[in-house]
Amino acid sequence: LVIIFILSWLFPIISFLIKISSSGSVLFKQKRSGLDNMEFTCYKFRSMSASNKAHTQQASKNDSRITFIGSFLRKSSLDEFPQFFNVLFGDMSIVGPRPERKFYIDQIAEIEPQYNQLTKVRPGITSWGQVKYGYAENVDQMLQRMKFDLLYLKNRSISLDVKIMLHTLLIVIKAEGK
């Protein structure tokens with residue numbers, strides 16, 4: 001709630017920039033699997049042109065669907081800001097493994113069943129895997145990022161969460177997001 005309050009002045013500015021740069025909704029909504037594989041709606045600022053492909057196809061580094069404003073939002077990680085509402089609703093936490101779509105979870109778990117351990121905790125806006133590996137564009141990369149998230153699960157603590165949040169803050173300040 002504190003983060004939402006502090007950054008609330010950005011919401012209308014980002015919304016305006018998204019609206020004038022491309023048609024479609026300001027928010028991108030997508031079903032993701034959370035704690036105990038319960039499905040929830042994950043919110044983000046829309047960073048790609050509005051199309052059905054945006055909901056079905058995983059974004060890639062040089063994706064032509066990413067808008068000019070969307071590129072800035074992704075690099076600064078401001079596209080993730082609406083996920084603080086997911087935290088407020090209880091669907092997510094600030095730190096925890098990134099939530100994925102069931103479509104990808106099924107593929108990952110078939111290759112590596114221990115992925116299911118990640119569904120035993122609330123997913124997060126940021127994660128050890130996100131900090132150490134970054135954005136995953138496909139199942140193989142998701143499997144690589146999973147290793148860091150499993151390590152996080154085995155070593156969870158408030159001090160590790162603080163460390164992850166500080167690393168995330170540096171990524172945001174340096175605009176090193178993907």
Side-chain angles (χ1 to χ4, degrees), residues 1-11 14 27-45 47 58-59 61 72-102 104-109 111-178:
L1 193 57
V2 171
I3 300 289
I4 291 170
F5 179 75
I6 290 171
L7 298 178
S8 63
W9 62 274
L10 284 172
F11 204 101
I14 293 170
L27 292 178
F28 174 75
K29 300 176 226 170
Q30 189 175 63
K31 294 294 183 188
R32 302 279 178 101
S33 290
L35 180 63
D36 295 326
N37 278 319
M38 294 290 290
E39 201 170 65
F40 70 96
T41 301
C42 185
Y43 299 98
K44 296 176 80 170
F45 279 120
S47 60
Q58 193 76 353
K61 188 176 182 180
F72 167 75
L73 292 175
R74 285 172 169 257
K75 285 206 176 295
S76 63
S77 299
L78 287 172
D79 62 325
E80 309 281 350
F81 174 60
Q83 289 178 16
F84 281 101
F85 287 99
N86 285 113
V87 173
L88 193 62
F89 301 151
D91 297 322
M92 294 176 70
S93 64
I94 294 174
V95 178
R98 291 292 296 154
E100 293 294 346
R101 289 181 281 165
K102 183 165 177 22
Y104 288 108
I105 290 173
D106 292 345
Q107 292 178 55
I108 296 165
I111 298 166
E112 190 55 69
Q114 66 180 329
Y115 180 87
N116 290 318
Q117 293 176 32
L118 299 182
T119 64
K120 301 300 177 205
V121 296
R122 205 173 306 281
I125 295 174
T126 188
S127 71
W128 192 238
Q130 196 73 15
V131 166
K132 289 304 213 177
Y133 187 83
Y135 182 75
E137 296 180 11
N138 55 50
V139 171
D140 290 333
Q141 292 176 358
M142 290 173 187
L143 285 163
Q144 294 302 314
R145 186 179 65 195
M146 175 196 71
K147 294 174 187 175
F148 293 104
D149 287 330
L150 288 171
L151 187 62
Y152 166 76
L153 284 184
K154 292 176 185 165
N155 298 289
R156 273 191 321 173
S157 67
I158 291 173
S159 63
L160 182 55
D161 283 0
V162 170
K163 182 178 181 177
I164 292 168
M165 286 187 276
L166 290 174
H167 276 283
T168 302
L169 187 59
L170 283 174
I171 290 168
V172 170
I173 289 170
K174 292 179 179 181
E176 293 177 342
K178 296 181 184 177

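Note that the numbering runs from 1 along the sequence shown for the chain.
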Completion exercise
Heavy-atom closest pair (Phe148 atom, Gln144 atom, distance to 0.1 Å) is CD1-O, 3.7 Å
Completion exercise
dist Leu153:CG -> Gln117:CD (nearest 0.5 Å) comes out at 7.0 Å
Handout entry: Heavy-atom closest pair, residues Ser127 and Gly96
Key = CB-O, 3.0 Å
Fill in the blank from the handout: Closest non-hydrogen atoms of Pro97 and Val121, given as atom of the first, atom of the second and distance, are CD-CG2, 3.5 Å
Problem - Heavy-atom closest contact (Thr126 atom, Gln130 atom, distance) - result: OG1-CB, 4.5 Å
Exercise for the section: Write down the atom of Tyr43, the atom of Gln83, and the distance for their closest heavy-atom approach. Expected result: O-CG, 2.9 Å
Fill in the blank from the handout: Between the CG atom in Leu35 and the CG atom in Leu118, the distance rounded to the nearest 0.5 Å is 12.0 Å
Handout entry: Geometric class of the Phe45/Phe81 ring pair [parallel <30°, tilted 30-60°, perpendicular >60°]
Key = parallel
Handout entry: Spacing of OG1 belonging to Thr168 relative to CD1 belonging to Ile173, to within rounding of 0.5 Å
Key = 11.0 Å
Problem - Audit row: Lys163, Trp128, side-chain contact (heavy atoms from CB on, under 4.5 Å) steps and yes/no - result: CA-CA 9 Å; Lys163 182 178 181 177; Trp128 192 238; 4.0 Å; yes
Problem - Under 3.5 Å donor-acceptor, Arg122 side chain and Gly90 backbone - result: yes
Practice task
Return yes when atom CZ of Phe40 has more than 12 non-hydrogen atoms of other residues, nucleotides or ligands closer than 6.0 Å, and no otherwise.
Solution key: yes
Exercise for the section: Would you please say whether a donor-acceptor pair under 3.5 Å links the side chains of Tyr152 and Asp161? Expected result: yes
Handout entry: Phe84 and Ile94, any side-chain heavy atoms less than 4.5 Å apart
Key = yes
Practice task
Give a yes or no answer on whether the side chain of Arg98 reaches the backbone of Ile125 with a donor-acceptor pair at less than 3.5 Å.
Solution key: yes
Practice task
With the side chain counted from C-beta on, respond yes when Lys102 and Lys31 share a heavy-atom pair under 4.5 Å apart, and no when they do not.
Solution key: no
Problem - Any side-chain heavy-atom pair of Lys147 and Tyr133 under 4.5 Å - result: no
Exercise for the section: For the pair Asp36 (side chain) and Met38 (backbone), establish whether a donor and an acceptor sit closer than 3.5 Å, ignoring hydrogens and angles. Expected result: no
Handout entry: Interatomic distance, Ser33 atom OG to Asp91 atom CG [nearest 0.5 angstrom]
Key = 11.5 Å
Problem - Any donor-acceptor pair under 3.5 Å from Arg32 side chain to Pro99 backbone - result: yes
Exercise for the section: Salt-bridge test for Glu80 and Lys44: reply yes if a basic N is under 4.0 Å from a carboxylate O, no otherwise. Expected result: yes
Fill in the blank from the handout: Between the CG atom in Asn37 and the OG1 atom in Thr119, the distance rounded to the nearest 0.5 Å is 4.5 Å
Fill in the blank from the handout: Rounding to 0.5 Å, atoms CG (Leu78) and CG (Leu10) come to a distance of 6.0 Å
Handout entry: Shortest non-hydrogen contact between Thr41 and Asn86, atoms and distance
Key = O-ND2, 2.7 Å
